[in-house]
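To start, the structure itself, in structure tokens.
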Amino acid sequence: MKGGALLSRYFLPQENLAFVPNHRLRYLSLSVACLGIAFILGIIGLYLMPESVTHWTKQKFGLISWLENVHLGPVFDNDLFVFNWVLHPYFGAIYYMQARVAGYRFLTGVVFTALVSTFFWEYGLEAFVEIPSIQDLICTPTLGPLVGEIFYRISQRLQQPNKLPKIFTECALFFLDFIGFSIQKLGFAKACGICNKNAIYHQSTPKC
């Protein structure tokens, strides 16, 4: 093997290496913080959408509304099919991905998804404007991890050396886990002292 190839293989930083954080709990905590920001932005976006789409009453919003909605729920909602059976499983998969990418096993990911979808979203932020939904409480923590495990395995394959165009790979990874993509690609992980255990560094660079 030539010297340049040897240096590239063993010492230089490598792309297309599945991200495995060196601090599981720190990575998951960072994911939760990013999810919180995403939830707030999401609730604002949904609040600005027409009431005919969200079925929310904008005049009824606040702590009193949250207490009433929690007391009245859960109920069967009349949301559009795309909300209940596409977006909720998708976001359940995103929640699940945070635990799996952090390094936790399938069952831990399922529990994490159930906790986030139930208490962080359904009985948390969304309850300020809507009564908790029975469909959402069921499909998000059940279908979410199933879709999420598929997302996880695909993302692991995409991060291995492949001949796909880089733009396609990056877009696919963003779709499969936009929270993790932001953490890993925008420097949030590095800022929090989290690095990829799979990465191979130059000899002069401290290892994880």
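Note that this is a predicted model, so its numbers are computed, not measured. Values below: every heavy atom of this structure, side chains too, minus hydrogens, waters and symmetry copies.
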Legend entry - Side chain to side chain, Cys34 and Ile183, heavy atoms closer than 4.5 Å: yes
Inset, instruction - Evaluate the side-chain proximity of Ile40 to Ile44: yes if any heavy-atom separation is below 4.5 Å, no if none is. - result: yes
How long is the straight-line distance from [atom2] of [Y] back to [atom1] of [X], given to the nearest 0.5 Å?
{"X": "Lys197", "Y": "Cys195", "atom1": "NZ", "atom2": "SG", "value": "9.5 Å"}
{"X": "Thr140", "Y": "Asn84", "atom1": "OG1", "atom2": "CG", "value": "8.5 Å"}
{"X": "Thr169", "Y": "Asn162", "atom1": "OG1", "atom2": "CG", "value": "4.5 Å"}
{"X": "Gln160", "Y": "Leu158", "atom1": "CD", "atom2": "CG", "value": "9.5 Å"}
{"X": "Leu72", "Y": "Glu130", "atom1": "CG", "atom2": "CD", "value": "12.5 Å"}
{"X": "Asn198", "Y": "Asn22", "atom1": "CG", "atom2": "CG", "value": "11.0 Å"}

Inset, instruction - Please go through Phe76's hydrophobic cluster and name the other residues, only I, L, V, M, F, W, Y counting, with side-chain heavy atoms under 4.5 Å joining them. - result: Ile134, Ile138
Inset, instruction - Answer with yes or no whether the side chains of Gln135 and Asp77 bring together a donor and an acceptor at under 3.5 Å. - result: yes
Legend entry - Any side-chain donor near an acceptor of the partner, Gln98 and Asp177, under 3.5 Å: yes
Give me the atom names and distance for the closest heavy-atom approach of [X] to [Y].
{"X": "Val110", "Y": "Pro141", "result": "CG1-O, 4.4 Å"}
{"X": "Tyr123", "Y": "Pro132", "result": "CE2-CG, 3.6 Å"}
{"X": "His88", "Y": "Trp121", "result": "CE1-NE1, 3.9 Å"}
{"X": "Ser133", "Y": "Pro74", "result": "C-CB, 4.4 Å"}
{"X": "Val101", "Y": "Pro21", "result": "O-CD, 3.1 Å"}
{"X": "Thr142", "Y": "Leu146", "result": "O-CG, 3.4 Å"}

Sidechain-backbone polar pair: [X] side chain, [Y] backbone, donor-acceptor under 3.5 Å:
{"X": "Glu122", "Y": "Asp136", "answer": "no"}
{"X": "Thr108", "Y": "Tyr104", "answer": "no"}
{"X": "Asn196", "Y": "Val20", "answer": "yes"}
{"X": "Thr118", "Y": "Leu115", "answer": "no"}

Distance-only donor-acceptor hits, side chain of residues 186-193, under 3.5 Å, sequence neighbours excluded:
none

Legend entry - ring-ring contact (aromatic ring centres under 6.0 Å, His included) involving Phe112 - partner list, sequence neighbours excluded: none
Inset, instruction - Could I get the full list of ring-ring contact (aromatic ring centres under 6.0 Å, His included) partners for Phe119, not counting sequence neighbours? - result: none
Inset, instruction - Measure up the Phe174 and Phe181 rings against each other and bin them: parallel (under 30°), tilted (30 to 60°), perpendicular (over 60°). - result: perpendicular
Inset, instruction - Please work out which of the three classes, parallel, tilted or perpendicular, describes the rings of Trp66 and Phe128, given edges at 30° and 60°. - result: tilted
Inset, instruction - Among residues two or more places apart or on two chains, list those pairs meeting salt bridge (Lys or Arg N to Asp or Glu O under 4.0 Å) that have a residue in residues 87-110. - result: Arg100-Glu149
Legend entry - Aromatic centroids of Tyr95 and Phe39 separated by under 6.0 Å: yes
Legend entry - salt bridge (charged side-chain N to carboxylate O under 4.0 Å, His left out) partners of Arg24, counting only residues at least two apart: none
Legend entry - Neighbour count above 12 (heavy atom, 6.0 Å) for Phe106 CZ: yes
Inset, instruction - State plainly whether one hydrophobic cluster holds both Ile37 and Val32, where clusters connect Ile, Leu, Val, Met, Phe, Trp and Tyr through side-chain heavy atoms under 4.5 angstrom apart. - result: no
